[in-house]
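Worksheet: the structure to be examined is printed underneath.
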Amino acid sequence: MSEFYLDFNYLCIRITVTDMMSSSERYKSLIMATAVLWCLFTVTAGFNLAVMSIDLGSEFMKVAIVKPGVPMEIVLNDESARKTSTIVAMRDGERYFGNMAESTAVKFPRKAFWYLTHLLGKSYEDPQVQQYMKRFPYYTIEKDEERGTPLFKTENGDLYSPEELLAMVLEKAKQHAESFADQPINDCVITVPVFYTQAERKAVLQAANMVGLNVLQLMGDNAAVALNYGVFRRKNFNATTQYYMFYDMGSTSTTATIVGYQVVKQKEGTRLESNPQLVIKGVGFDKSLGGLEMTLRLRKHLAKLFNEQKKTKTDVFTNERSMGKLFKEAGRLKKVLSANNDHFAQVEGLLDDKDFHAKVTREEFESMCEDLFSRVTKPIEDALKVSQITLSEINDVILMGGGTRVPKVQEILTKYLGRKELGKSINTDEAAALGAVYQAAHLGKGFKVKMFGVKEANIYPIVGDKSSATDKKGDGDTKKSEKDEDGKKKQKTDKTEQSSDSTSEDKSKKSKIPAEEESQKTEKTDKAKDDKTEEKKDQKTEGEKNATKEEEKKKWRDDMLKEQEKTPLTEKPKLLLEDIGLKYQALEREVNYLINKAKNYKPKPPKTSAKKNTTKESNDTKIPDPATEKEETKETEENKETGKDL
């Protein structure tokens, strides 16, 4: 009895072949087993085809997946929410994410790290890093002496770079996606702002590599939104370009992009097919205009109101915990004022067990942010200048981001654009994640997606100015070039010297011919001796080469045997079945031949004396039958074939 074990990710199969089975039954059972296993292998191979996308925002992130049977879906987190805050909190030796991290940010602001995208790929002296330190003064940020980048220092004395903290957030996003898809996921597409430089993009890739994510593409968030908008409106586009504007005001930045949609003929193999395509014509942005600055100003206003009430002698600005509570209340109040004219701010136990209660109107909020509202139209102006397209050519203006929900922002945009209504037909929270996951499915290996071309626009050139490694490489290249130039000069001088020496030698040869003849004879004898020694050396080298060839053959055979031993169990049954099948085929041929020979076998008559045969032949002259001659020829041919087979 022989047994084979095959182990897959989700099941283990045992095949037994007994000696009581006939040859045909064994052969059939093995063939059926391999067919079943091959089907199972093809099915299980499709279990790890899922891809994911991460819409990495400065305040929130959204995750989407595509897997067999699920076209495009937003991933739910542990709290069953469709978006998760990009915050990490470390307390009592554990990490917290989402709502738990936000609650720790209110109680212990130093232990929660938020808005990490401001610090990626930037030096310690960068103005954005200094602005971050002013906005959040309770963080202790130090300078990394080797890299020159900022580092967060915890109360325990541990140092964390922004890339490491972002890697923790990406790891949590990966866990959410894998639990939602019920399978491991490594391939992903991450969205980044349009104005990200090469250093910032490298920082995001570094954070993803720490977690084991295979980043298929770093896609601009504006391109992802435009792709999601165009995928569901393929029939509306034709050969003439149609222009749309996407205005995105997020928590920390504002961008305006002009996109052109058009149906283009593209080659797919040997045939031409018409597919839609989007091209980003122009981009305008403001890095510091967003909802975060509005909430910070509203928090400052609430702190002043509490100090004016004079419930305690201590100043609210000096207490980190109370400022964290006011920051959370300011964010809630900003959302409520977008739909109401006034609202009450309430915080229990703000400072020294004193409650805070104050009324805030929308007019007060708008007066705080007058200078911010005056910068709303600047990104649109820049985008129009770059694209050289007028407002009349734009079909629709689509709003994106949480900052566009502020009524004053919508009022300014409608006046500037000269439109009665603005486009609100897209989900502002999930559009970028869904567009990125569509691109991930297109770039992945396990899905076939309808073609939709995307041509992004890089605002900053991709040049590694900030990386020290590139500078070192550049210095090395310059040194190499200098060495090459010196070598070329030396070669030129050597050639000129050789030419001058050759001319002088020609003149001296005519006067010294007899002396040279004697020297030539001696040189010939020396050359003959050298040739003999070289022949002996060549013979030795040939023998050594043959020995090395034989050693290489032995090594190759040993390696093949090792590879056969290392081959997985899923491949061994195929090899065994091939050998068994060939053996059974040979046995079947031999058996069939012997059976046919036994059927056609006829006993020969006994031998007689030669005299009697001669007399009979002389007396009875028989005519030969053609049938008997044919049978005899067949028997001779069969005997020849048996000899060949044997």
Side-chain angles (χ1 to χ4, degrees), residues 55 57-60 62 82-83 85-86 114-115 117-118 131 135 193-194 221-222 225 245-257 284-305 326-346 358-383 396-432:
D55 180 17
S58 58
E59 188 175 0
F60 292 99
K62 280 76 68 179
R82 298 176 74 86
K83 63 180 181 179
S85 57
T86 56
W114 216 344
Y115 300 99
T117 55
H118 290 269
Q131 186 183 11
R135 286 176 173 177
V194 198
D221 51 3
N222 58 350
V225 172
M245 180 185 290
F246 296 91
Y247 188 85
D248 184 5
M249 181 181 282
S251 62
T252 57
S253 62
T254 302
T255 58
T257 61
F285 60 91
D286 191 343
K287 292 182 180 180
S288 59
L289 178 61
L292 177 61
E293 186 64 27
M294 298 178 187
T295 55
L296 290 172
R297 293 188 180 188
L298 191 56
R299 182 187 69 172
K300 187 177 180 180
H301 178 70
L302 295 176
K304 287 180 179 179
L305 290 175
L326 288 175
F327 182 76
K328 185 178 180 181
E329 183 63 21
R332 187 189 69 83
L333 189 63
K334 183 184 70 173
K335 294 177 183 178
V336 174
L337 289 175
S338 61
N340 300 313
N341 292 324
D342 55 6
H343 190 67
F344 284 93
Q346 297 177 358
K359 184 180 179 180
V360 181
T361 61
R362 187 188 290 178
E363 293 179 358
E364 292 176 353
F365 174 68
E366 291 176 355
S367 63
M368 297 173 207
C369 305
E370 282 184 359
D371 57 338
L372 298 177
F373 294 143
S374 62
R375 294 157 52 187
V376 168
T377 59
K378 186 68 169 61
I380 298 173
E381 294 173 1
D382 296 337
D396 196 3
V397 179
I398 299 155
L399 300 180
M400 278 289 300
T404 56
R405 295 189 179 99
V406 177
K408 188 67 175 177
V409 174
Q410 295 182 8
E411 183 183 349
I412 293 167
L413 290 174
T414 50
K415 286 181 181 179
Y416 180 78
L417 298 170
R419 296 175 181 270
K420 295 181 180 179
E421 292 182 359
L422 298 173
K424 300 176 184 178
S425 60
I426 198 168
N427 191 345
T428 60
D429 290 333
E430 301 174 359

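Please read these numbers as outputs of a predicted model, since none were measured by experiment. As a basis for the values below, the full set of heavy atoms in this structure was taken, side chains included, without hydrogen atoms, waters or symmetry mates.
- Atom CD of E366 is separated from atom CG of L337 by 9.5 Å, given to the nearest 0.5 angstrom.
- For the pair R419 and V397, the tightest heavy-atom approach, listed with the atom from each and the gap, is NE-CG2, 3.7 Å.
- The shortest distance between side-chain heavy atoms of N341 and T361 does not fall below 4.5 Å.
- Other residues, nucleotides and ligands contribute at most 12 non-hydrogen atoms within 6.0 Å of the NZ atom of K424.
- The shortest distance between side-chain heavy atoms of L417 and L422 falls below 4.5 Å.
- Taking CG of D248 as the start and CG of N222 as the end, the distance is 8.5 Å to the nearest 0.5 Å.
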task: Apply side-chain contact (heavy atoms from CB on, under 4.5 Å) to the pair V406 and M249, showing each step before the final yes or no.
output: CA-CA 10 Å; V406 177; M249 181 181 282; over 6 Å; no
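- Contact annotation: the side chain of R375 approaches that of S288 to within less than 4.5 Å [non-hydrogen atoms, C-beta and beyond].
- Across D342 and K359, no two heavy atoms sit closer than the pair OD2-CE, 3.1 Å.
- Put simply, NE2 on H343 and CG on L333 are 6.0 Å apart, with the number rounded to the nearest 0.5 Å.
- Using a 4.5 Å cut-off on side-chain heavy atoms (C-beta onward), M294 and F373 make contact.
- Interatomic distance, R405 CZ to K334 NZ, rounded to the nearest 0.5 Å: 10.0 Å.
- Looking at V360 and L298, their side chains come closer than 4.5 Å, going by heavy atoms from C-beta outward.
- Put simply, CG on D221 and CG on D55 are 7.0 Å apart, with the number rounded to the nearest 0.5 Å.
- Classification of K83 and E430 as a salt-bridged pair fails, no side-chain N sitting under 4.0 Å from a carboxylate O.
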- request: Test side-chain contact (heavy atoms from CB on, under 4.5 Å) on L296 and F327 and set out the steps.
  value: CA-CA 7 Å; L296 290 172; F327 182 76; 3.8 Å; yes
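- Among Q131, K287, R135, the single residue meeting the side chain to side chain contact (heavy atoms under 4.5 Å, CB included) criterion with H118 is R135.
- Of the possible donor and acceptor atoms, none in the side chain of R299 sits under 3.5 Å from a partner among the backbone N and O of L326.
- For the pair K408 (side chain) and C369 (backbone), a donor-acceptor distance under 3.5 Å is absent.
- Between the side chains of S58 and S251, at least one donor N or O lies within less than 3.5 Å of an accepting N or O.
- T404 and Q410 get closest at one heavy-atom pair: O-NE2, 2.8 Å.
- The CD atom of E59 sits 7.5 Å away from atom OG1 of T295, with the distance rounded to the nearest 0.5 Å.
- Ion pair K378/E381 not flagged as a salt bridge, since none of the NZ, NE, NH1 or NH2 atoms sits closer than 4.0 Å to an Asp/Glu carboxylate oxygen.
- W114 and T86 make their closest contact through CD1-O, 3.2 Å (heavy atoms, listed as atom of the first residue, atom of the second, distance).
- Salt-bridge annotation for K62 and D429: absent, with no side-chain N of the basic residue lying under 4.0 Å from a carboxylate O of the acidic one.
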field: Verdict with supporting geometry, T428 and L399, side-chain contact (heavy atoms from CB on, under 4.5 Å)
entry: CA-CA 8 Å; T428 60; L399 300 180; 5.7 Å; no
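- The two residues P407 and S338 have their closest heavy-atom pair at CG-O, 3.3 Å.
- For the side chain to side chain contact (heavy atoms under 4.5 Å, CB included) with Y247, the qualifying choice from T254, I398, T257, T255 is T254, the only one to do so.
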task: Decide side-chain contact (heavy atoms from CB on, under 4.5 Å) for F285 and V194; before the verdict, give the C-alpha distance in whole Å, the side-chain angles of both, and the deciding distance to 0.1 Å.
output: CA-CA 8 Å; F285 60 91; V194 198; over 6 Å; no
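- Of the possible donor and acceptor atoms, none in the side chain of T414 sits under 3.5 Å from a partner among the backbone N and O of K420.
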